[in-house]
2 protein chains.
Amino acid sequence: MRVLPHPSVGDLRLTEILRALSDPVRLEIVVRLAAAGELTCTGAGHDLGVHKSTASHHYRTLREAGVVMTKQEGRLNYMSLRRDDLEARFPGLLASVLSSASRADPEPTAPGGDTGPAAARVPAGADAGR
Amino acid sequence: MRVLPHPSVGDLRLTEILRALSDPVRLEIVVRLAAAGELTCTGAGHDLGVHKSTASHHYRTLREAGVVMTKQEGRLNYMSLRRDDLEARFPGLLASVLSSASRADPEPTAPGGDTGPAAARVPAGADAGR
DNA sequence: CGTATAGTTGGATCGTTGTCAAACAATTAG
DNA sequence: CTAATTGTTTGACAACGATCCAACTATACG
């Protein structure tokens with residue numbers, strides 16, 4: 001059974017974590033993990049609207065950033081958030097991101113009913129010479 | 001006097017904000033703004049280790065993500081964090097990122113002594129075997 | 001006016017990233 | 001063993017992003 005490399009707590013980099021969370025697909029995965037606790041890749045990637053391999057790359061990005069932990073059991077990979085590690089290194093960060101994610105508009109990720117709030121356009125009347 | 005376009009509060013996107021904060025140079029700028037309240041571009045970009053125009057592009061990224069507000073006065077551009085707007089849309093997010101940034105290793109951004117809180121090196125002895 | 005200051009804009013370059021498709025690997029079921 | 005399930009890896013490709021340089025705009029100062 002292969003052991004996937006995870007960064008240790010001391011190696012967690014704020015910018016890499018923010019970067020990992022800044023993709024709609026990955027953020028959705030993180031939100032699902034926060035709700036479910038532990039998911040297989042299939043569970044976490046269900047209806048994400050991206051190809052299986054794309055999702056796999058996102059799992060890797062999240063893992064290498066230290067956001068998730070992946071445990072391989074048989075043919076299933078169980079993913080979970082590294083809540084404690086993240087909390088130890090960056091207290092409150094994950095919680096506030098998750099809380100923000102629940103307040104955010106549904107990102108264009110899951111096809112199920114995220115038609116969006118009719119695109120409130122920016123005023124932007126003052127367009128300066130662009 | 002030109003008015004730069006800023007996204008309205010309702011248009012703030014979590015992933016774009018996280019993306020804007022996920023660059024070491026931009027995060028450093030944000031940290032400086034948090035400490036100073038308001039800075040000119042020259043002030044915010046002092047000793048960042050990047051070219052003037054690169055910094056300018058970062059200002060734009062931060063502005064378009066809704067993280068900073070830029071006010072033009074004469075030939076100076078004053079930048080400040082959109083604390084209230086960010087707090088209204090994503091409560092606690094900015095605070096936790098700033099708090100995390102102060103805990104983080106000094107990113108390879110400011111070579112010399114920056115205005116920040118006392119660059120403390122982390123031991124980083126425990127390597128997870130990557 | 002001419003010059004200095006403050007910052008933006010527009011290439012150009014080069015590395016990174018998100019995506020899909022197809023092949024592959026590993027485990028489990030028949 | 002054969003096939004199905006689960007996920008990764010590799011390759012290709014377009015899009016993005018960070019950077020520098022040069023040119024440009026706009027204000028201020030002499």
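Chain identifiers are assigned alphabetically (A, B, ...) following the order of the sequence lines, protein sequences preceding nucleic acid strands; residue numbering begins at 1 within each chain. Please read all numbers here as calculations on a predicted model, not as lab measurements.
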How close or far is atom [atom2] of [N] from atom [atom1] of [X], stated in whole angstroms?
{"X": "A:L21", "N": "C:dG18", "atom1": "CG", "atom2": "P", "result": "12 Å"}
{"X": "A:L48", "N": "D:dT6", "atom1": "CG", "atom2": "C1'", "result": "16 Å"}
{"X": "A:Y78", "N": "D:dT5", "atom1": "OH", "atom2": "P", "result": "17 Å"}
{"X": "A:R75", "N": "D:dA3", "atom1": "CZ", "atom2": "P", "result": "16 Å"}
{"X": "B:L76", "N": "D:dC29", "atom1": "CG", "atom2": "C1'", "result": "14 Å"}
{"X": "B:E73", "N": "D:dT27", "atom1": "CD", "atom2": "P", "result": "13 Å"}
{"X": "A:L62", "N": "D:dT8", "atom1": "CG", "atom2": "C1'", "result": "15 Å"}

- Message: If I compare all heavy atoms of A:I29 with all of A:H58, which pair ends up nearest, and what's the gap?
- Response: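 In terms of heavy atoms, the two residues are closest at CD1-CB, 4.1 Å.
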Okay, side chain of [X], backbone of [Y]: is any donor-acceptor separation there less than 3.5 Å?
{"X": "A:Y59", "Y": "A:C41", "value": "yes"}
{"X": "A:R83", "Y": "A:A34", "value": "yes"}
{"X": "A:E28", "Y": "A:L48", "value": "no"}
{"X": "A:S99", "Y": "A:A95", "value": "no"}
{"X": "B:H6", "Y": "B:T70", "value": "yes"}

- For D:dT6, does OP1 or OP2 lie under 4.0 Å from any side-chain N or O of A:N77?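 For A:N77, the contact criterion (side-chain N or O under 4.0 Å from OP1 or OP2 of D:dT6) is not met.
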- Query: In B/S/- notation, 5' to 3', how is nucleotides 15-21 of chain D contacted by protein heavy atoms closer than 4.0 Å?
  - Reply: --SSBBB
